[in-house]
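As structure tokens, the structure follows; a few thoughts come after it.
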Amino acid sequence: MRAAASTGVPAPEWLISEDRIPVPDALAAMEARVAGIRAGTAGEAVWLVEHPPSYTAGTSARAEGLLDTRFPTYEAGRGGQWTYHGPGQRTAYVMLDLTRPHGTVPARDVRAYVHGLEEWMIGALDRFNIRGERREGRVGIWVADRVTGREAKIGAIGVRVSRWVSWHGIALNVEPDLSHFGGIVPCGISEHGVTSLHALGIPATMEEADSALIGAWAEVFGD
């Protein structure tokens, strides 16, 4: 694990894992960090990871949302339904003390926090001249797919807040194998597709995606 380059924002701590982290290991590490934040023995953090191909179930996931078991499946404990994680997708685990405000996000307001995560992804995508948008009744960030003309999801959001400390976070599709999403009904939505920066003609590297996420952070969550 290496520290991200300094952006002038003293908190949270930014961490980037160069190895693919199995989902159970990530859950255990997050749980330990969240306990430390709550106890005052650890600082806030944003952890950028890639996972081996995996399907994770949120607290609203239904059995019929898992179409096949080609990859390991895990109970994630976050909100939401089924999500795919895998190589080429940047997952950002956000661990913040929500008893205090963060930029545009007031204290103890989970809805505003989720809105902030959405705005963060929209800001990161804007750095690639991609217009990410919210959709009423749908979770995540959506774009107009230039190839199919359909709306497609480029970023997922799933959060958990334990005694006012956040964990889990977002997943941005940089260059994943989009066929891997075929094993689930992503986030319970079957009538729309899934896309990525590469599928939209943006050959971004993971490092460039990280830079976009780090750069867009302060616009939403402040210093």
Side-chain angles (χ1 to χ4, degrees), residues 9 11-14 23 26-27 30-31 33-34 37-38 44-49 51 56-62 65 75-85 89-127 130-143 151-174 184-189 192 194-195 209-210 212-223:
V9 179
E13 180 182 11
W14 287 83
V23 168
L27 294 175
M30 272 195 292
E31 191 166 11
R33 184 76 178 227
V34 165
I37 293 170
R38 190 182 302 118
E44 297 176 318
V46 180
W47 184 21
L48 305 179
V49 306
H51 291 300
T56 66
T59 54
S60 301
R62 300 178 178 178
E75 297 286 338
R78 53 161 174 78
Q81 301 190 40
W82 288 99
T83 298
Y84 167 76
H85 291 295
Q89 181 192 70
R90 179 52 91 204
T91 298
Y93 291 127
V94 182
M95 292 161 276
L96 302 179
D97 176 4
L98 298 183
T99 64
R100 67 177 185 86
H102 294 79
T104 64
V105 179
R108 300 178 185 269
D109 190 331
V110 175
R111 180 172 294 183
Y113 170 62
V114 172
H115 186 276
L117 293 177
E118 294 171 339
E119 201 64 27
W120 176 34
M121 266 204 290
I122 289 169
L125 289 168
D126 185 62
R127 284 160 163 76
I130 297 293
R131 183 176 178 179
E133 298 178 315
R134 300 174 179 86
R135 288 291 182 266
E136 185 69 29
R138 299 187 221 152
V139 178
I141 298 301
W142 299 78
V143 298
E151 289 188 345
K153 189 173 189 175
I154 196 168
I157 296 176
V159 304
R160 182 172 178 177
V161 178
S162 301
R163 291 163 56 190
W164 292 111
V165 179
S166 70
W167 47 317
H168 296 277
I170 69 168
L172 178 64
N173 296 333
V174 181
I184 58 171
V185 179
C187 300
I189 299 172
H192 298 286
V194 180
T195 192
D210 291 345
L213 288 167
I214 293 168
W217 177 267
E219 298 169 3
V220 179
F221 294 99
D223 294 342

Is a side-chain donor or acceptor of [X] paired with a backbone partner of [Y] at a separation under 3.5 angstrom?
X    : Y    : answer
K153 : V139 : yes
W82  : R62  : yes
T91  : A171 : no
R160 : A76  : no
R90  : V49  : yes
T104 : V220 : yes
N173 : Q89  : no

Measuring only between side-chain heavy atoms, which start at C-beta, is [X] closer than 4.5 Å to [Y]?
X    : Y    : value
W217 : P12  : yes
I154 : W142 : no
W120 : V94  : yes
V194 : Y84  : no
T59  : Q81  : no
H168 : L27  : yes

Side chains of T83 and R78: donor-acceptor distance under 3.5 Å anywhere? yes
With rounding to the nearest 0.5 Å, note down the distance linking [atom1] in [X] to [atom2] in [Y].
X    : Y    : atom1 : atom2 : answer
W164 : L98  : CH2   : CG    : 7.0 Å
I141 : I170 : CD1   : CD1   : 9.0 Å
L172 : L48  : CG    : CG    : 10.5 Å

What do the steps show when you test S162 against R38 for side chain to side chain contact (heavy atoms under 4.5 Å, CB included), and what is the final call? CA-CA 9 Å; S162 301; R38 190 182 302 118; 3.4 Å; yes
Could you list all the salt bridge (Lys or Arg N to Asp or Glu O under 4.0 Å) pairs where at least one residue sits in residues 163-172, not counting sequence neighbours?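 Of all non-adjacent pairs touching residues 163-172, none passes salt bridge (Lys or Arg N to Asp or Glu O under 4.0 Å).
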Could you tell me whether R127 and E219 have a side-chain N and a carboxylate O separated by less than 4.0 Å? yes
Salt-bridged, D126 to R131, with N to O below 4.0 Å?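 The answer is no: the pair does not qualify as a salt bridge.
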Partners meeting ring-ring contact (aromatic ring centres under 6.0 Å, His included) with H51 (sequence neighbours left out): H85, Y93
Residues two or more places apart in sequence or in another chain: which of them pass ring-ring contact (aromatic ring centres under 6.0 Å, His included) with W167?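 Expected list: none.
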Evaluate the criterion salt bridge (Lys or Arg N to Asp or Glu O under 4.0 Å) for residue pair R100 and E44; output intermediate values, then yes/no. CA-CA 12 Å; R100 67 177 185 86; E44 297 176 318; 2.5 Å; yes
Residues that R33 engages under salt bridge (charged side-chain N to carboxylate O under 4.0 Å, His left out), provided they are two or more places apart: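 If we apply the salt bridge (charged side-chain N to carboxylate O under 4.0 Å, His left out) test to R33, skipping adjacent residues, the hits are E13.
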Could you tell me which residues satisfy salt bridge (charged side-chain N to carboxylate O under 4.0 Å, His left out) with R134, sequence neighbours excluded, listed by chain and number? E118, E119
Could you go step by step and tell me if E133 and R135 meet the salt bridge (Lys or Arg N to Asp or Glu O under 4.0 Å) rule? CA-CA 7 Å; E133 298 178 315; R135 288 291 182 266; 2.6 Å; yes
How close do [X] and [Y] get, heavy atom to heavy atom, and via which atoms?
X    : Y    : result
S166 : V34  : O-CG2, 3.8 Å
V105 : D109 : CG1-O, 4.5 Å
G123 : A216 : C-CB, 3.8 Å
G132 : L125 : CA-CD1, 4.0 Å

Tell me if the centroids of the rings in W47 and W14 come within less than 6.0 Å of each other. no
Evaluate the side chain to side chain contact (heavy atoms under 4.5 Å, CB included) criterion for residues V165 and L96: first the C-alpha distance (whole Å), next the side-chain angles of each, then the deciding distance (0.1 Å), finally the verdict. CA-CA 6 Å; V165 179; L96 302 179; over 6 Å; no
Pairing residues for R108 by the side chain to side chain donor-acceptor pair (under 3.5 Å) criterion, not counting sequence neighbours: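 Not a single residue meets the side chain to side chain donor-acceptor pair (under 3.5 Å) criterion with R108.
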